[in-house]
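Inspection log for the structure reproduced underneath, given as structure tokens.
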Amino acid sequence: MADLALTDVMKTYGRGQVALDRVSLDVQDREFVVIVGPSGCGKSTTLRVIAGIEEETSGDIRIGGAVVNDLCPGARDVAMVFQDYALYPHMTVAGNIGFGLRRRGMARAKVHERVKRVAEVLEITDLLDRRPAMLSGGQRQRVAMGRAMVRRPKVFLFDEPLSNLDARLRVSMRSEMRRLKEHMPTTTVYVTHDQTEAMTMADRVVVMNSGRIEQVGPPMEIYRHPANLFVAQFIGSPAMNLLDATLTETGAEIAGKTHIALSGARDVGRQIVLGFRPEAVRPADSGMPARVRTLEPIGQEIIVEFESAAGTRISSRLPPDTQLKAGENVHLTVDSACAHVFDPRTGAALDSSA
Amino acid sequence: MTMSDTPVAAQKAPRRPKRARPAAWPWLAPALLMLGAFYLVPILDVLRLAFGDATLLRSVESYGLEGIQQTLSSPALPGVLWVTVVFTAASVIGILATGMLVALTVVRGEMRGLWGMSALRTVVLTAWVVPGIANGLIWQMLFSEAPFGALNSTLAVFGIAPVRWLSDPSNAMVSAAIANVWQGTAFAMIVFYAARKGLSQDLYAAAAIDGAGPFARFLFITLPQMRAAILVATVLVTIQTLNTFDVILALTGGGPGRATEVLSLFTFNTVFYNFDLSGGSALALILVLIALLLTVVYIRLLGDRPDQDK
């Protein structure tokens, strides 16, 4: 049990390529932090630097208060689950799970007992004599988790552990992970590109983009108050709608016609980007004129994509009984309480949305 | 084959009942012809000669077992076999070990982005393309016991007395093995390099996190994961070493005495110095049998594991 702290961690590759740009992050003891971001944003590199598989160019990494920069991976007392599981193909499941304990000099009998107990928790006892090639994807995933859990490390590191599983298995493994999290609360850094995993499992979410941390916060806070345009667009599916607008005395004006009321102080005439989530927009008798482009019924709701007069796409989540046809002209209204205002140049969220 | 297969084929493909299964032999014929003409016929001819009494100057006049018996009871043969065992074992172990060392060094250097790794690879490969005879001559110059001999004159700089590299029987064996290892390393290196490159880096990361140090990673990841490559390299290097005689011919000529006369060189000498074609053929057969036997042993030792990952 320990907390984890990154301070101004930089990682650059050969030709001045910056993989991590002053990443600072504090993870509390037993906290489950999910790092989410697009491919190449540095989330996996962050994990590998914490594990010690890759060396940071500068900055400090502390585990339980002690700087571990110069410790080799084995001495940091972390455990990692890899995307492709990285199970040792020539060892049995029991050998895989027990390898780390054996390397640390634990007696064979004791290792056997620990492995057995972990296998019971993960329900893989009957697989212990098999080799990884004989296991299904989900079973391999469990073995990889077992290999991490059996050591009772200070920090768990997960590198997209569910991304090689099919959709169904992923949902069940997600709840399984939550169960294990209750069973064995440990400081955890979990990397994924899947925002659903981030939202459902995290105590706190870290959104990364091109080597930098864009925002850190509890899942719903990130969803409700994105700090900038990147986070606004990355979190939420379908993505947040963004329109160019101008601030007026009482709100914002889109494309010179439609007015959306906003509360709070503002610089009149300032160019902004107005953002609102698909659930905050719906057809109405008056408002922004738009045409229905596509309808995607997905059971409990319909995702409708509109096109505004200016040609901007606007997506909306509507109840499943909505009567709309493609090509139909409608008016849209936006729930102004859910509107976000961003600076078009810096992308930062402006305070004017209440 | 076609008789029994036809109904099955018809059942499996009912929509195309008329299309017969294409015969395999036209496709195999080119390879069969080449292998037959250049491998099978000579081997059969060696078999025929071994049971005959041919010399280099006349063909077989009568067949019988005397020739083989005479060859097997040759007083030189036990010594030659022992020399072969020592030379082959030393060469195979040396080639595999240095090949592994160079391959792992190159891979590690490449991962660290060190300069000159492809140059190192190329230098090692150069040794491989040098013909055996030239290799023998090169090492003869290096080992030369004359005052200008490269190694001995270097040793002299440090005040070390000249070593009898080639004229001392046991040293000569070491020298021959060194020359062969120098040339053979490249092949093992290529095999091991390719195999090591194919291993997932995550396995090593996982092992490092599990607390395995560099030696433990080599022992528990590299060696078991490269089992197949090691098997292939061992078999091929062994066969190649058993067949090697050109290096030794140029380096020591089998001497001093018979200290470095391996079976392949003994065979060569029997045929081309003693003109005993049938005796040489019998020896060649022994060589083939030894190679086959060793291959079976290796496969038993290294290959018979059901855990190869698919």
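All of these numbers come straight from a predicted model, not from anything done at the bench.
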| message | If I measure from the heavy atoms of chain B, does A:Leu87 come under 4.5 Å with its side chain, its backbone, both, or neither? | response | backbone

| message | Is it the case that over 12 heavy atoms from other parts of the model lie below 6.0 angstrom from the NZ atom of A:Lys181? | response | yes

| Residue pair B:Ala206 / A:Arg147: nearest heavy atoms and the distance that separates them | CB-NH2, 3.6 Å

| request: Compute the centroid of each ring, for A:Phe99 and then for B:Phe220, and state whether the two points are separated by less than 6.0 Å. | output: yes

| By a 4.5 Å heavy-atom criterion (distance strictly below it), what part of A:Tyr88 contacts chain B: side chain, backbone, both, or neither? | both

| remark: So, the part of B:Ala212 with a heavy atom under 4.5 Å from chain A: the answer is both

| request: Answer yes or no: does atom CD of B:Gln201 have more than 12 heavy-atom neighbours from other residues, nucleotides or ligands under 6.0 Å? | output: yes

| request: Check A:Arg151, A:Arg103, A:Arg102 against B:Asp210 for a side chain to side chain donor-acceptor pair (under 3.5 Å) and give me the one that passes. | output: A:Arg151

| message | Does B:Arg108 have more than 12 heavy atoms from other residues, nucleotides or ligands lying within 6.0 Å of its CZ? | response | no

| query | Hey, what do you get for CZ (A:Arg76) to CD1 (B:Ile209), rounding to the nearest 0.5 Å? | reply | 9.5 Å

| Near A:Gln17 CD, under 6.0 Å, is it more than 12 heavy atoms from other residues, nucleotides or ligands? | no

| Is the closest side-chain heavy-atom distance between A:Gln83 and B:Asp202 below 4.5 Å? | no

| side-chain contact (heavy atoms from CB on, under 4.5 Å) partner of A:Pro89, chosen from B:Ile221, B:Leu199, B:Leu203 | B:Leu203

